Number of protein chains: 2
Amino acid sequence: MLSAIVEDYLKAIYYLQNETDGRVRTSALAEYMDVEQSTVTSMMKKLSERNFVHYEPYQGVKLTDTGVPIALEIIRHHRLLERYLTDHLEYDWAEVHDEADRLEHHISSQFADRIAEQLEDPAVDPHGDPIPTADLDVSGAKYEDTLADHQVGDSVRIERVPDKDPALLRYLSEHGIHPGTVVDVVETTSFGMVTLDPDSGDEPVALPDEVARSVSTRSLTKGAN
Amino acid sequence: MLSAIVEDYLKAIYYLQNETDGRVRTSALAEYMDVEQSTVTSMMKKLSERNFVHYEPYQGVKLTDTGVPIALEIIRHHRLLERYLTDHLEYDWAEVHDEADRLEHHISSQFADRIAEQLEDPAVDPHGDPIPTADLDVSGAKYEDTLADHQVGDSVRIERVPDKDPALLRYLSEHGIHPGTVVDVVETTSFGMVTLDPDSGDEPVALPDEVARSVSTRSLTKGAN
DNA sequence: GACGATAATTAGGCCCGGCTAAATTTATAA
DNA sequence: TTATAAATTTAGCCGGGCCTAATTATCGTC
């Protein structure tokens with residue numbers, strides 16, 4: 001049996017290794033999990049003994065073929081819960097993350113499958129993150145474009161926004177920015193700022209580059225796709 | 001913050017002290033929680049330090065005014081979840097207990113209130129156990145009658161069945177016995193057996209006294225409520 | 001009222017998941 | 001190339017929740 005903590009580490013490693021495209025460093029995990037590095041080291045040894053990760057001292061870790069599906073199962077739970085909480089239990093976009101973060105470890109697969117069924121197997125969660133299927137397929141997970149990649153004049157559709165920061169989510173929500181929203185890029189500055197004009201008629205929104213880089217998009221004007 | 005384990009102990013004490021109408025003995029708790037007595041003793045000291053129970057060595061424990069509402073909150077979560085799982089997620093009567101037993105510790109009050117709202121504030125869970133209200137009122141909790149109290153010829157309505165034993169629940173379900181079912185007592189034996197004839201037309205069902213004592217009923221023939 | 005049976009507690013240990021402080025390895029830069 | 005900085009690991013401790021074995025208190029009985 002797996003503790004919630006172990007599941008959290010595996011999930012964290014999954015996210016981090018997709019970002020960095022290689023081994024996950026102790027320091028990165030420590031920051032992500034908000035624990036000391038020494039704590040991470042000892043946990044990595046345990047995960048390694050259980051064959052969830054490849055661990056080489058001083059070189060970081062990588063999920064094994066055993067570890068990946070565990071992480072994906074948790075991520076599936078998380079995203080289904082987020083979808084369910086917003087669609088069926090009137091949760092606000094910005095509120096769902098914490099609730100899902102706890103429950104993901106405690107619902108059965110049966111529970112997950114039942115809510116997936118009620119939701120008619122949604123492809124993405126409320127932030128636009130793809131929901132792994134019951135057999136843990138994540139092929140719908142490609143988002144190469146971000147807001148920061150676009151030029152003034154581009155028209156793009158928002159595909160995904162980061163889900164960890166409630167304040168940002170509330171801000172975006174108030175300005176009518178959701179996955180699916182179409183916006184025009186009206187200004188980019190040398191000091192790291194992007195301004196968007198939503199097609200919905202909402203007022204223009206300004207975002208720091210940092211944020212823009214974490215908002216996935218699909219280009220509408222530049223053809224292709 | 002409270003661990004799931006601490007919550008479980010408080011819930012167990014609540015149940016046991018309602019059964020025995022007094023202090024809860026270490027041995028009773030140990031059996032209920034399926035741990036060693038020494039484990040209970042050390043936990044009782046901790047709960048006592050936190051002011052959740054009155055603990056007198058060798059004399060057992062009793063929930064304090066701080067402990068009771070904690071237990072009731074968990075029980076509310078549990079019973080709402082059972083209701084929700086059966087009504088909205090197609091869970092079977094016999095399946096809900098384990099899922100609810102895990103989730104009760106991890107849903108927020110907000111979650112509980114949302115599902116209560118969707119269910120339109122149900123009074124009882126699928127086994128007939130009363131659901132504490134949001135302000136933890138349990139005045140609907142009086143069940144003095146049980147199947148074992150009745151005579152041959154009595155007509156009674158089933159009000160509540162024990163929820164912990166899936167095999168029993170499946171058996172009852174197969175024989176059409178639910179809260180709300182009306183049955184006639186057709187036989188009682190000296191060797192501890194009660195036979196019921198459901199008004200629904202289902203075949204008669206035999207139950208050992210042990211079980212009959214744990215099935216709450218409401219008398220229909222003997223007048224007075 | 002003393003005695004054995006039973007219940008409860010104490011003592012001491014284990015594993016988990018954290019921590020701090022010290023040692024060690026790796027990376028950087030003179 | 002070597003010194004120093006930074007990252008990582010090791011060593012050792014702590015609290016939570018469990019255990020076994022040993023001790024002590026309470027209870028039912030004679």
Side-chain angles (χ1 to χ4, degrees), chain A residues 1-14 16-17 19-63 67 70-71 74 101-102 104-106, chain B residues 1-14 16-17 19-63 67 70-71 74 101-102 104-106:
Chain A
M1 205 65 285
L2 300 174
S3 70
I5 294 289
V6 164
E7 292 181 350
D8 271 337
Y9 274 97
L10 295 177
K11 191 175 62 153
I13 296 168
Y14 182 88
L16 293 173
Q17 82 183 14
E19 267 177 28
T20 64
D21 216 55
R23 301 197 106 98
V24 178
R25 317 214 115 258
T26 300
S27 49
L29 257 176
E31 187 183 2
Y32 193 94
M33 295 290 295
D34 196 25
V35 296
E36 296 299 318
Q37 296 191 353
S38 56
T39 303
V40 172
T41 299
S42 69
M43 181 57 81
M44 291 313 102
K45 288 192 201 165
K46 289 170 196 160
L47 296 184
S48 176
E49 267 165 33
R50 298 229 248 165
N51 264 303
F52 297 151
V53 298
H54 297 295
Y55 169 56
E56 265 182 274
Y58 297 101
Q59 305 302 321
V61 290
K62 203 165 165 287
L63 289 178
I70 299 174
I74 304 300
D101 240 14
R102 271 177 291 111
E104 63 186 7
H105 305 295
H106 304 289
Chain B
M1 207 66 283
L2 300 175
S3 70
I5 294 289
V6 164
E7 291 180 350
D8 270 337
Y9 274 98
L10 296 177
K11 191 176 62 153
I13 296 168
Y14 182 88
L16 293 173
Q17 80 184 15
E19 268 177 27
T20 63
D21 216 56
R23 300 195 106 99
V24 177
R25 319 214 109 258
T26 300
S27 49
L29 256 176
E31 187 183 2
Y32 193 94
M33 294 291 294
D34 195 25
V35 296
E36 296 300 316
Q37 295 191 353
S38 57
T39 304
V40 172
T41 300
S42 72
M43 181 56 82
M44 290 312 104
K45 287 191 201 166
K46 289 170 196 160
L47 295 184
S48 174
E49 266 166 32
R50 298 230 250 164
N51 262 305
F52 297 150
V53 299
H54 297 295
Y55 169 56
E56 266 181 274
Y58 297 99
Q59 305 302 318
V61 291
K62 202 166 165 287
L63 290 178
I70 299 173
I74 304 301
D101 240 16
R102 271 178 291 111
E104 62 185 6
H105 305 295
H106 305 289

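Fair warning: this is a prediction, and the values are worked out from it, not measured in the lab. The chains referred to below are lettered A, B, ... by the order of the sequence lines, with proteins before strands, and numbering in each begins at 1.
Considering only side-chain N and O atoms, K46(B) lies nowhere under 4.0 angstrom from the phosphate OP1 or OP2 of dG15(D). Between Y9(B) and dG16(D), a side-chain N or O to OP1/OP2 separation shorter than 4.0 Å is absent.
Two residues, S27(A) and V6(B), neighbour DNA chain D, and the one matched to the more 5' nucleotide by heavy-atom proximity is S27(A).
The overall bend of the helix from dG1(C)-dC30(D) to dA30(C)-dT1(D), read as the angle between its terminal helix axes built from five base pairs each, is 10° when rounded to 10 degrees.
The backbone N or O of V35(B) sits nowhere less than 3.5 Å from a side-chain atom of T39(B) that would complete a donor-acceptor pair. The closest donor-acceptor contact from the side chain of E36(A) to the backbone of A30(A) lies at 3.5 Å or more, if one exists at all. Of the possible polar contacts, one joining the R102(B) side chain to the H106(A) backbone as a donor-acceptor pair under 3.5 Å is found.
T26(B) comes within 4.0 angstrom of the backbone, heavy atoms only, and of no base. Using a 4.0 Å heavy-atom distance criterion, S42(B) is classed as making no nucleic acid contact. Counting any heavy atom pair closer than 4.0 Å across all strands shown, T41(B) reaches a base atom. The residue T39(A) sits close to a base: some heavy atom pair falls under 4.0 Å.
Side-chain contact between I13(B) and F52(B) is absent, with no heavy-atom pair separated by less than 4.5 Å. The closest side-chain heavy-atom distance from H54(A) to S48(A) is not below 4.5 Å. Residues V53(B) and V24(B) have side chains not in contact (no heavy-atom distance under 4.5 Å, counting atoms from C-beta outward). Contact of the V40(A) side chain with the M33(A) side chain is not registered, since no non-hydrogen atoms from C-beta on lie closer than 4.5 Å. Looking at heavy atoms from C-beta onward, D101(A) lies in side-chain contact with K11(A) at the 4.5 angstrom threshold.
Just one of M43(B), R23(B), K45(B), K46(B) meets the side chain to side chain contact (heavy atoms under 4.5 Å, CB included) condition when paired with Y55(B); it is K45(B).
The separation between M33(B) atom CE and dG17(D) atom C1' is 10 Å, rounded to whole Å. The NZ atom of K45(A) sits 7 Å away from the C1' atom of dT9(D) (whole-angstrom rounding). Atom CD1 of I5(A) and atom P of dG15(D) are 19 Å apart (whole Å). Atom-to-atom, CD of Q37(B) to P of dA21(D) comes out at 15 Å; the value is rounded to the nearest Å. Across the protein-nucleic acid pair, E36(A) atom CD and dT10(D) atom C1' stand 15 Å apart, rounded to whole Å. With rounding to whole Å, M44(A) atom CE is found 13 Å from dT10(D) atom P. Taking atom CD of E7(B) as the reference point, atom P of dG17(D) lies 11 Å away to the nearest angstrom. In this structure, CE of M1(B) is placed 13 Å from P of dG17(D), rounded to the nearest angstrom.
Separating the CD1 atom in I70(B) from the CD atom in E7(B) is a distance of 8.0 Å, to the nearest 0.5 Å.
In summary, contact between chain B and DNA chain C, defined as any nucleotide atom under 4.0 Å from a heavy atom of the protein, begins and ends at dA7(C) to dT10(C) in the 5' to 3' direction.
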